[in-house]
Amino acid sequence: MLCNVLASVVKVAGIKEKEFLRFVQQDEHFSECYDGMFILFRTGLRIGEFCGLTLKDIDLEKRTINVNHQLQYVGSRGKYIEKTKTEVEEMIDGCTGFLFLDKRGKPMMPYQWEKRFQHVVEKYNRIYRVQLPKITPHVCRHTFCTNAAKRGISVETLKYLMGHTDISVTSNVYTHLKLEDA
């Protein structure tokens with residue numbers, strides 16, 4: 001049942017992806033979220049991987065993103081493990097240079113992005129008659145995988161890009177293709 005719900009959400013989100021991103025980009029309040037939401041839709045990153053991105057993870061010449069860590073909140077230990085000596089920039093498990101910071105200059109956490117998506121959808125739905133479904137950072141991941149499959153990227157390549165250990169997860173859960181896609 002969860003797969004069917006996700007499939008319908010991804011179908012609507014995939015159709016509405018450009019409209020949703022255009023709304024975010026043009027909105028006075030939410031336009032600051034545009035770059036992050038665009039990256040989430042176009043990379044398939046998990047939200048913790050996205051929040052953990054640092055400057056050293058990006059290679060503009062090769063057009064690659066190195067994903068070997070994620071930023072998570074650990075309740076018992078907190079989200080910040082240690083600070084730099086200058087306390088100008090947060091250091092979390094030895095990582096600095098985070099790409100997405102909140103208004104306080106702290107690295108944005110996954111729950112902050114989830115809230116931003118929620119608020120954008122709520123505002124959109126107050127303005128427009130055709131309603132958007134719940135769109136989350138994880139829906140961006142499904143949308144990315146489905147769009148990549150529609151462009152002909154092999155399931156084996158998608159498995160690697162998505163970081164799945166089992167190809168059936170990639171083909172059965174993340175790619176939402178229908179007969180008309182063939």
Side-chain angles (χ1 to χ4, degrees), residues 1-18 20-21 33 35-79 81 92-95 97-100 107-118 120-121 132-182:
M1 177 157 173
L2 177 60
C3 281
N4 292 338
V5 171
L6 283 174
S8 65
V9 168
V10 170
K11 180 179 180 187
V12 173
I15 294 168
K16 298 282 188 179
E17 175 186 343
K18 288 181 183 176
F20 176 79
L21 287 172
C33 306
D35 292 338
M37 291 181 177
F38 181 89
I39 290 169
L40 283 165
F41 271 111
R42 300 299 166 92
T43 62
L45 289 171
R46 293 177 178 93
I47 189 61
E49 295 167 344
F50 169 79
C51 288
L53 286 177
T54 64
L55 291 172
K56 68 179 183 177
D57 297 323
I58 310 296
D59 186 331
L60 295 175
E61 286 183 21
K62 293 181 182 175
R63 297 183 59 164
T64 60
I65 300 173
N66 181 35
V67 181
N68 61 11
H69 59 276
Q70 60 181 337
L71 180 58
Q72 296 290 330
Y73 179 83
V74 180
S76 61
R77 295 184 351 210
K79 63 181 173 184
I81 307 306
I92 302 173
D93 285 339
C95 291
F98 292 94
L99 298 180
F100 295 95
M108 289 188 66
M109 299 300 292
Y111 73 88
Q112 291 172 295
W113 280 101
E114 289 166 8
K115 280 296 184 191
R116 283 183 168 203
F117 272 87
Q118 177 187 342
V120 170
V121 170
L132 289 174
K134 181 179 179 180
I135 299 174
T136 66
H138 198 72
V139 167
C140 295
R141 189 167 158 77
H142 282 260
T143 302
F144 165 80
C145 193
T146 299
N147 289 340
K150 285 180 180 180
R151 287 191 308 272
I153 295 176
S154 72
V155 178
E156 293 83 13
T157 301
L158 283 173
K159 174 186 169 286
Y160 172 77
L161 289 173
M162 301 300 287
H164 295 151
T165 55
D166 186 345
I167 202 162
S168 68
V169 172
T170 308
S171 59
N172 297 333
V173 178
Y174 277 82
T175 53
H176 305 282
L177 300 176
K178 304 263 186 265
L179 180 58
E180 59 269 15
D181 296 315

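No experiment lies behind these values; they were computed from the predicted model shown.
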Atom pair CD1/OG1 of Ile58 and Thr64 - distance to nearest 0.5 Å: 8.0 Å
Spatial distance of atom CG (Asp59) from atom CD1 (Ile65) [nearest 0.5 Å]: 10.5 Å
Heavy-atom check, side chain of Met109 versus side chain of Cys51, under 4.5 Å: no
From CA spacing to verdict: side-chain contact (heavy atoms from CB on, under 4.5 Å), Lys150, Thr146: CA-CA 6 Å; Lys150 285 180 180 180; Thr146 299; 3.9 Å; yes
Contact check, side chains of His138 and Glu114, non-hydrogen atoms, under 4.5 Å: no
Note, Phe117 side chain near Thr136 side chain (heavy atom, < 4.5 Å): no
Distance in Å, Trp113 CH2 paired with Phe100 CZ, rounded so as to fall on 0.5 Å steps: 5.5 Å
Residue pair Val139 / Lys134: nearest heavy atoms and the distance that separates them: CG2-O, 4.1 Å
Minimum side-chain heavy-atom gap Leu161-Thr43 below 4.5 Å: no
Gap between atom CD1 of Ile39 and atom CG of Leu99 - 0.5 Å precision: 7.0 Å
Within-4.5 Å side-chain heavy-atom neighbours: Met108 and Phe98: no
Within-4.5 Å side-chain heavy-atom neighbours: Glu156 and Tyr160: no
Interatomic distance, Phe38 atom CZ to Cys140 atom SG [nearest 0.5 angstrom]: 11.5 Å
Heavy-atom pair of closest approach, residues Val155 and Thr170: O-CG2, 4.1 Å
Asp57 side chain near Val67 side chain, heavy-atom distance below 4.5 Å: no
Over all atoms of both residues, closest heavy-atom pair of Cys145 and Leu158: O-CD1, 3.9 Å
Exercise: identify the closest heavy-atom pair between Val121 and Pro133: CG1-O, 3.6 Å
Distance-only donor-acceptor check, side chains Lys115 and Gln118, under 3.5 Å: yes
Backbone of Ile47 reached by a side-chain donor or acceptor of Arg141 within 3.5 Å: no
Residue pair Met162 / His142, side-chain heavy-atom distance below 4.5 Å: no
Backbone of Phe144 reached by a side-chain donor or acceptor of Asn147 within 3.5 Å: no
Residues Ser154 and Thr157: side-chain donor-acceptor under 3.5 angstrom: yes
Gap between atom NZ of Lys159 and atom OG of Ser168 - 0.5 Å precision: 10.0 Å
